[in-house]
Amino acid sequence: PDVELPFFDMKQFWLFAARRASLARALAQHIHPGSQVECFTAGLLQDMALPILVSVKQKEYGTILEDWNKTKCTSLNELENEKLGFDHSSVGALMAKEWDLPQYLIDAISGHHCQTQDKEVKLEPAVELVAQIKCDSEENAKEVIIKIAVEKYGMDKDVISELITTAFKDAEELSLLLR
């Protein structure tokens, strides 16, 4: 939807979706090569409900985004649950189910902010890592991704840093196509 709200920029939305997608593909190539396409798609769709919520719940969602942008210390999902009784992860998962998307995509969307209560949901490592890319703090996301990739998946810090740099450059181009 083409909705203009303070604190929500569709160009930024697509840039961050493209970054998650590009980096998920690059990470998958190193961690679990057989799932590069799936990880790319999961990274791209993780926040797919945000533009819908912005469009459908303009006033309420505008207030949520304003509060979130002011504080930055509360998660967006927490604010959504507090003010709406649901969050964009659960809405996105419902959309994915309704569209008969594969279960791995439903899981990637519902679990990308670790809000899922379903302990059976297992995200691919690349998808789990790119979920750290949120629209509020690019540098923090890079640090967190590097830390998790090194500690949990044994990746080399320099390799992951280069993957992030390259993927983010690729994402710039991709985001232009998505707008």
Side-chain angles (χ1 to χ4, degrees), residues 7-51 65 68-69 71-78 87-89 92-93 96 101-116 118-179:
F7 308 109
F8 187 80
D9 180 344
M10 280 302 291
K11 290 177 182 176
Q12 281 293 104
F13 169 80
W14 284 117
L15 175 61
F16 282 94
R19 285 179 177 170
R20 283 190 301 274
S22 296
L23 184 56
R25 179 181 52 213
L27 289 166
Q29 185 175 14
H30 286 273
I31 304 172
H32 39 85
S35 63
Q36 292 176 61
V37 172
E38 291 85 356
C39 289
F40 177 89
T41 306
L44 187 66
L45 297 179
Q46 282 180 340
D47 280 334
M48 71 181 200
L50 285 176
L65 291 174
W68 182 58
N69 277 285
T71 62
K72 295 289 188 200
C73 59
T74 305
S75 83
L76 181 57
N77 281 50
E78 287 175 20
D87 58 54
H88 71 277
S89 300
L101 295 180
Q103 189 63 46
Y104 77 89
L105 286 175
I106 296 168
D107 292 346
I109 294 164
S110 71
H112 77 279
H113 288 301
C114 303
Q115 297 295 318
T116 182
D118 185 357
K119 301 299 180 197
E120 297 299 313
V121 172
K122 176 95 169 83
L123 301 180
E124 289 284 3
V127 175
E128 175 191 351
L129 287 166
V130 300
Q132 303 304 315
I133 301 172
K134 299 170 183 71
C135 297
D136 62 332
S137 177
E138 180 180 321
E139 281 306 312
N140 184 50
K142 289 178 184 179
E143 291 173 21
V144 172
I145 291 168
I146 290 169
K147 183 177 191 258
I148 295 170
V150 169
E151 291 176 4
K152 192 170 181 180
Y153 301 108
M155 291 186 73
D156 179 84
K157 183 178 180 176
D158 293 331
V159 170
I160 187 71
S161 183
E162 182 58 35
L163 286 175
I164 292 170
T165 300
T166 303
F168 279 22
K169 283 180 186 171
D170 293 345
E172 298 287 333
E173 208 172 300
L174 175 61
S175 73
L176 296 174
L177 299 172
L178 296 171
R179 296 180 198 175

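Positions are given from 1, in the same order as the sequence printed here.
In this structure, the side chains of D170 and L23 stay at 4.5 Å or more apart for every pair of heavy atoms. Considering only heavy atoms from C-beta on, C39 stays 4.5 Å or farther from L27 through its side chain. Under the 4.5 Å side-chain criterion, counting only non-hydrogen atoms from C-beta, F16 is not in contact with L50. E172 has its side chain within reach of R19: a pair of non-hydrogen atoms, C-beta onward, lies under 4.5 Å apart. In this structure, the side chains of I160 and Y153 stay at 4.5 Å or more apart for every pair of heavy atoms. T41 places none of its side-chain heavy atoms less than 4.5 Å from the side chain of L101.
Checking side-chain atoms of S22 against main-chain N and O of A18 turns up a donor-acceptor pair under 3.5 Å. A donor-acceptor pair under 3.5 Å is formed between the side chain of H32 and the backbone N or O of A126.
In this structure, E173 places its CD atom where only 12 or fewer heavy-atom neighbours from other residues, nucleotides or ligands lie under 6.0 Å away.
Between M48 and F13 the shortest heavy-atom distance is CA-CZ, 4.5 Å. The two residues A26 and H30 make their nearest non-hydrogen contact at O-CD2, 3.3 Å. Nearest heavy atom pair, residue A24 against residue V130, reads N-CG1, 3.4 Å. Closest approach of Q36 to R25, counting heavy atoms only: CG-O, 3.8 Å. Minimum heavy-atom separation, A96 to I109: CB-CD1, 3.9 Å. Contact between D47 and R20 at its shortest, heavy atoms only, is OD2-NH2, 3.3 Å.
Taking CD of Q46 as the reference point, atom CG of L105 lies at 10.0 Å (rounded to 0.5 Å). Q103 CD to S110 OG: the interatomic distance, rounded to the nearest 0.5 Å, is 7.5 Å. Between the CG atom of L176 and the CH2 atom of W14 there is a distance of 13.0 Å, given to the nearest 0.5 Å. Separation of atoms CG (L45) and CD1 (I106) is listed at 11.5 Å; rounding is to 0.5 Å.
For E38, the side-chain contact (heavy atoms from CB on, under 4.5 Å) test picks out S35, Y104, with sequence neighbours left out.
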Pair V144-L129, side chain to side chain contact (heavy atoms under 4.5 Å, CB included): steps then yes or no: CA-CA 8 Å; V144 172; L129 287 166; over 6 Å; no

